[in-house]
2 protein chains.
Amino acid sequence: MPSENVELRKAGLKVTLPRIKILQMLESTADTAEHLSAEDVYQRLRDSGEDVGLATVYRVLTQFETAGLVVRHNFETGHSVFELSSDDHHDHMVDVESNEVLEFFDEIIEKRQHEIAAEHGYEIIDHYLVLYVRKKD
Amino acid sequence: MPSENVELRKAGLKVTLPRIKILQMLESTADTAEHLSAEDVYQRLRDSGEDVGLATVYRVLTQFETAGLVVRHNFETGHSVFELSSDDHHDHMVDVESNEVLEFFDEIIEKRQHEIAAEHGYEIIDHYLVLYVRKKD
DNA sequence: TTGGTTGCAAACAATTTGCATAAAT
DNA sequence: ATTTATGCAAATTGTTTGCAACCAA
């Protein structure tokens with residue numbers, strides 16, 4: 001039995017074709033750091049012959065988010081994008097011209113964040129860093 | 001003549017009542033780290049007896065953004081929030097228990113961000129960093 | 001006067017929801 | 001058989017636009 005099914009069961013969701021397909025779609029882009037919108041997922045599924053509704057894609061992605069399976073980002077693009085949640089943390093760089101999303105991780109920044117919080121008597125629970133960038137000419 | 005009028009003139013915008021009121025509204029919240037949505041601005045203006053349209057608020061805020069008077073953020077919730085642009089940049093630290101917002105600025109992080117972008121062939125247009133924190137005990 | 005500006009209503013885009021049908025357990 | 005999920009269409013939310021009336025220069 002494919003591992004997707006286990007993930008779904010653990011999340012308390014019935015194992016249905018749309019959910020499996022959507023999960024696979026996200027997994028297939030996990031390595032390329034490609035961030036898909038609901039519309040993207042919908043189009044790609046239809047292109048590969050699946051008969052799903054856009055509403056279902058939205059519903060399922062939201063359920064996945066609630067279950068902690070995916071993370072939803074609301075970058076400055078006007079629509080949400082989704083990525084499979086992974087345990088290794090990273091930040092994002094958004095190319096405002098192409099809407100491409102790159103991931104990065106920087107020790108120095110991570111360390112400074114903790115130092116800054118500590119200086120104010122706080123500890124960091126979570127953080128969110130996005131760089132909006134443009135190709136240098 | 002109030003200074004708002006000069007700002008508007010410089011931006012090539014006629015000095016009208018809605019524009020003055022909206023600008024004042026933003027100025028009144030400039031010291032607190034409060035970010036207002038278009039709807040917020042609209043409601044507050046109506047509450048203080050002004051007869052403006054929501055569409056006007058959107059239009060004026062967009063004009064202010066184009067003129068560089070305000071900055072529009074599209075984070076978290078899916079609706080935009082606006083703040084007067086100030087020349088001194090800062091990031092935010094949110095106390096998740098009290099919901100308090102602190103502002104901070106860190107040279108080291110700023111510098112690293114530019115280096116990271118440059119390493120990938122990009123230049124930074126904007127960035128967004130929020131630390132979610134809790135009081136250390 | 002006259003061209004920019006407004007408020008309203010209608011148009012839009014992204015996302016959500018109601019409901020009758022269909023599929024999973 | 002029962003419960004949950006689906007697809008569709010209609011509803012909602014946040015935002016933009018067309019237009020006739022209006023106001024600052």
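Throughout, a chain's letter reflects where its sequence line sits, starting with A, and its residues are numbered from 1. None of the values given here were measured: they were computed from a predicted structure.
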Interatomic distance, CD@B:Glu110 vs CD1@B:Ile124, rounded to 0.5 Å, equals 8.0 Å

One should read off an interatomic distance between B:Glu27 CD and B:Ile22 CD1, to the nearest 0.5 angstrom, of 12.5 Å

In whole angstroms, the gap separating P of D:dA25 from CG of B:Asn5 amounts to 9 Å

Listing time: all N or O pairs from protein to nucleotides 17-21 of chain C that are below 3.5 Å?
from, atom 1, to, atom 2, distance (Å)
C:dG18, O6, A:Arg59, NH1, 3.2

Atom NZ of B:Lys21 and atom C1' of C:dG7 are separated, to the nearest Å, by 18 Å

With a cut-off of less than 4.0 Å, is there a side-chain N or O of B:Arg19 near OP1 or OP2 of C:dG4? no

5'-most contact on DNA chain D (nearest-nucleotide basis), A:Pro18 vs B:Leu54, goes to A:Pro18

Between CD of B:Glu50 and P of C:dT6 the distance, given in whole Å, is 13 Å

Separation of D:dT15 atom P from B:His73 atom NE2, nearest Å, is 14 Å

The nucleotide from D:dA5, C:dT6, D:dA25 with an atom nearest the side chain of B:Arg9 is D:dA25

When rounded to whole Å, the CG to P distance for the pair B:Asp51 and D:dC22 reads 13 Å

Handout entry: More than 12 heavy atoms of other groups within 6.0 Å of A:Glu119 CD
Key = yes

Inset, instruction - Indicate the ring-plane relationship of A:Tyr128 and A:Phe75, choosing parallel, tilted or perpendicular according to the 30° and 60° boundaries. - result: parallel

Of C:dT6, D:dG14, D:dA5, the nucleotide closest to the side chain of B:His79 is D:dG14

Rounded to the nearest 0.5 angstrom, the NE2-CG distance for B:His79 and A:Asn74 is 10.5 Å

When rounded to whole Å, the CG to C1' distance for the pair A:Leu13 and D:dT3 reads 14 Å

Rounded to whole Å, CG of A:Asn74 lies from P of D:dT13 at a distance of 17 Å

Assign A:Ser80 to base, sugar-phosphate, or nothing according to its heavy-atom contacts below 4.0 angstrom with the strands shown.
-> sugar-phosphate

B:Gln63 atom CD is separated from C:dT6 atom C1', nearest whole Å, by 11 Å

The side-chain contact (heavy atoms from CB on, under 4.5 Å) partner of B:Leu84 among B:Leu23, B:Val71, B:Thr29 is B:Leu23

Taking for A:Lys14 and for B:Val52 the nucleotide of DNA chain C with the nearest heavy atom, the one nearer the 5' end belongs to B:Val52

CD (A:Glu7) and CG (A:Leu69) are apart, to the nearest 0.5 Å, by 5.5 Å

Nearest-nucleotide check on DNA chain D, B:Ala38 vs A:Gly12; residue mapping nearer the 5' end is A:Gly12

